[in-house]
Amino acid sequence: MRYLPTGAQMKQGDQKTITEMGMPSMVLMERAALSVVEMMESEQLDLKKVLVVCGSGNNGGDGFAVARLLHLKGYAVDVWFVGKESSMTEETRLQKQIAVHYGVPVKERVGEDCYTVIVDAIFGIGLSRQVSGTYYNVIENLNQMDAIKVAVDIPSGLSADTGDVLGIAFAADFTVTFAFQKIGMLFGMARKLVGKLVTASIGIEPSVYDGRGDVCYTYDRTDLKNLLPARDPDAHKGNYGKVLLIVGSPGMAGAAYFSAKAAYLTGAGLVQIYTAKENQSNLQQLLPEAIITTYERYEEEKLKELLEWADVVGIGSGLSMSETAQHLLSTTVRCVKKPCMIDADGLNILSKDRALFEKLTPDCILTPHMKEMAGLCGHSVKELKEERFRYFQEFLGSIPSVCVMKDARTLVGRDGRPVYVNTSGNQSMAKGGAGDVLGGMITGLLAQKIEPYEAGTLGVFLHGLAGDAAQKKKGSYSVLASDILDGIAEVLTAESTEMIFREKC
């Protein structure tokens with residue numbers, strides 16, 4: 001697990017390390033500078049002539065230390081100080097003095113010198129105002145220079161909280177960020193402007209955020225073996241849950257197939273599909289492992305029997321907005337007493353019947369993409385993208401359920417729990433059927449008695465890993481939802497070499 005702090009949270013982590021661990025601020029600064037130099041050398045950047053551009057804050061102090069370390073290694077380096085002497089922090093003032101004592105040239109302007117590398121240390125993670133005036137001109141000038149560009153902690157002009165460009169931002173080829181990737185680096189223009197990202201350990205431990213519910217986090221591949229449910233060697237299919245999927249209106253057999261197969265591939269024991277009669281023949285051929293039960297019209301008692309049979313329920317994929325679909329969703333939400341995943345058309349129906357919100361339970365998981373989320377929360381897609389965390393948290397406060405808000409960076413949350421930000425997956429997954437696969441995966445995890453919040457986070461993470469496996473084989477253009485299904489098996493097969501017959505704790 002990795003924490004993803006905001007700029008303010010990162011500063012709190014710095015301060016906690018300084019005050020509680022006794023780590024001097026200057027030591028953190030030295031380690032930060034050293035990590036930047038190590039990255040440049042390991043990437044074999046042409047350090048023949050380096051320009052380090054420093055501001056007045058501690059980011060500038062990092063820059064002065066970088067320049068000194070490069071100078072002591074024998075590289076030709078200049079510092080361009082673009083800050084104000086009167087605004088310098090104590091640490092930055094001291095780092096500048098040390099650099100000058102070691103003979104590092106510090107300039108107030110640069111001429112026509114040709115630099116091979118430019119190091120940006122103007123603003124750090126605390127920037128919240130629009131860049132203007134002289135600073136705007138400086139960054140604009142740097143972006144036009146023909147050199148490899150390296151950002152210290154974050155490209156100057158980017159918001160560490162949102163990834164927004166605050167007027168103008170340094171366009172980095174490499175960014176060395178310290179201790180933790182900042183949450184804003186995952187969104188907006190930041191994904192293009194940070195370049196290759198290196199996260200350097202400088203002595204600030206993850207424990208500075210332990211127990212805090214306000215700090216976002218993500219998973220890495222190394223976490224997977226501890227997240228997957230154990231498989232008992234004495235188990236039978238009943239141990240891994242009976243899944244009921246209410247999916248697929250006439251002509252939408254594909255949605256039913258993708259969700260059902262994904263539930264099976266993720267580990268569910270038995271899957272029953274409740275779908276329109278027209279889909280029966282196709283589904284029996286596509287997925288003979290599933291039980292196929294059909295409807296031609298709404299039958300309340302039959303639906304209630306199926307809800308009673310199931311251990312978990314998934315509803316919505318390819319369901320349509322028909323009157324029959326509305327009855328199916330309404331009865332399910334009002335009557336289900338098991339964990340329930342609601343997706344796609346189920347969410348669209350839910351957004352038009354606000355009374356159903358009163359029936360949502362803590363065992364429900366909603367999985368809207370941004371347009372569906374707009375219908376649920378009453379904000380436009382544009383508003384959601386601009387202030388996604390604010391509106392996501394507000395929505396979580398209005399329901400007892402888990403919400404999986406799907407986007408290029410999917411968020412998973414429940415009121416009172418930290419927000420999970422998914423970092424697996426890629427652009428090749430932007431294809432029809434990919435969401436059906438995710439819904440099936442989450443339902444399959446629920447069937448294995450994983451709690452809804454954890455099923456949501458793990459399902460999203462696994463789904464992205466499966467997409468990454470698919471992209472590796474098919475590239476960015478040709479991945480289909482069926483390739484993501486294949487990716488599930490590939491990811492879990494790789495993990496199972498360490499997990500086969502692992503006993504339950």
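What's counted below: heavy atoms across the whole structure, side chains too, no hydrogens, waters or symmetry copies.
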Counting C-beta onward and ignoring hydrogens, is there a side-chain heavy-atom pair between [X] and [Y] closer than 4.5 Å?
{"X": "Phe178", "Y": "Met10", "result": "no"}
{"X": "Leu158", "Y": "Leu127", "result": "no"}
{"X": "His463", "Y": "Ile484", "result": "yes"}
{"X": "Asn143", "Y": "Phe170", "result": "yes"}
{"X": "Leu492", "Y": "Leu228", "result": "yes"}
{"X": "Val150", "Y": "Val50", "result": "no"}
{"X": "Ile442", "Y": "Thr266", "result": "no"}

Answer yes or no: is there an ion pair linking [X] with [Y], defined by an N-O contact shorter than 4.0 Å?
{"X": "Asp407", "Y": "Arg388", "value": "yes"}
{"X": "Asp153", "Y": "Lys182", "value": "yes"}
{"X": "Lys149", "Y": "Asp120", "value": "no"}
{"X": "Asp214", "Y": "Arg212", "value": "yes"}

Original post:
For His379, which residues count as a ring-ring contact (aromatic ring centres under 6.0 Å, His included) partner, sequence neighbours excluded?
Top reply: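 By the ring-ring contact (aromatic ring centres under 6.0 Å, His included) rule, His379 matches Tyr391.
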
**OP:** State which residue, out of Leu69, Leu70, Val66, fulfils the side-chain contact (heavy atoms from CB on, under 4.5 Å) condition with Val36.
**Re:**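 Passing option: Val66.
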
**OP:** Only one of Ile342, Asp343, Val412 passes side-chain contact (heavy atoms from CB on, under 4.5 Å) with Thr367; say which it is.
**Re:**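 The passing option is Asp343.
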
Subject >> Ser259 vs Ser317, side chain to side chain donor-acceptor pair (under 3.5 Å): CA-CA, chis, key distance, verdict >> reply: CA-CA 8 Å; Ser259 56; Ser317 295; 4.8 Å; no

Grab the two heavy atoms, one from [X] and one from [Y], that are nearest each other, plus how far apart they are.
{"X": "Gly63", "Y": "Val52", "answer": "O-CG1, 3.3 Å"}
{"X": "Asn422", "Y": "Phe461", "answer": "OD1-CA, 3.3 Å"}
{"X": "Leu376", "Y": "Ser351", "answer": "CD2-CB, 3.9 Å"}
{"X": "Glu91", "Y": "Ser25", "answer": "OE2-OG, 3.2 Å"}
{"X": "Ala408", "Y": "Arg191", "answer": "CB-NH1, 3.6 Å"}
{"X": "Phe180", "Y": "Glu205", "answer": "CZ-O, 3.8 Å"}

Original post:
Using the benzene-type ring in the case of Trp, are the ring centres of Tyr209 and Tyr217 under 6.0 Å apart?
Top reply: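 No, the ring of Tyr209 stays outside the 6.0 Å limit from the ring of Tyr217, centre to centre.
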
Original post:
For the rings on Phe123 and Tyr135, is their centre-to-centre separation under 6.0 Å?
Top reply: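 They qualify: ring centres under 6.0 Å apart.
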
Can any side-chain N or O of [X] pair as donor or acceptor with the backbone N or O of [Y] at less than 3.5 Å?
{"X": "Lys431", "Y": "Tyr477", "result": "yes"}
{"X": "Thr92", "Y": "Gly57", "result": "yes"}
{"X": "Arg93", "Y": "Glu85", "result": "yes"}
{"X": "Gln181", "Y": "Leu186", "result": "no"}

Subject >> Nearest-0.5 Å distance that lies between atom CD1 in Ile118 and atom CE in Met145 >> reply: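 Rounded to the nearest 0.5 Å, the CD1-CE separation comes to 5.0 Å.
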
Original post:
Atom CD1 in Ile125, atom CG in Asn59: separation rounded to 0.5 Å?
Top reply: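 Between atom CD1 of Ile125 and atom CG of Asn59 there are 9.0 Å.
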
Subject >> Ring geometry between Phe64 and Phe81 (parallel below 30°, tilted from 30 to 60°, perpendicular above 60°) >> reply: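 Ring orientation of Phe81 relative to Phe64: tilted.
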
**OP:** Dump the intermediate steps for side chain to side chain donor-acceptor pair (under 3.5 Å) on Asn58 and Thr89, then the final yes or no.
**Re:** CA-CA 6 Å; Asn58 277 357; Thr89 64; 2.6 Å; yes

Original post:
Does NZ or CZ of Arg414 come closer than 6.0 Å to the centre of the six-membered ring of Tyr453, within 45° of the ring's axis?
Top reply: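 Output no; distance or angle outside limits.
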
Subject >> Working for side chain to side chain donor-acceptor pair (under 3.5 Å), residues Ser428 and Asn426 >> reply: CA-CA 6 Å; Ser428 75; Asn426 59 81; 2.3 Å; yes

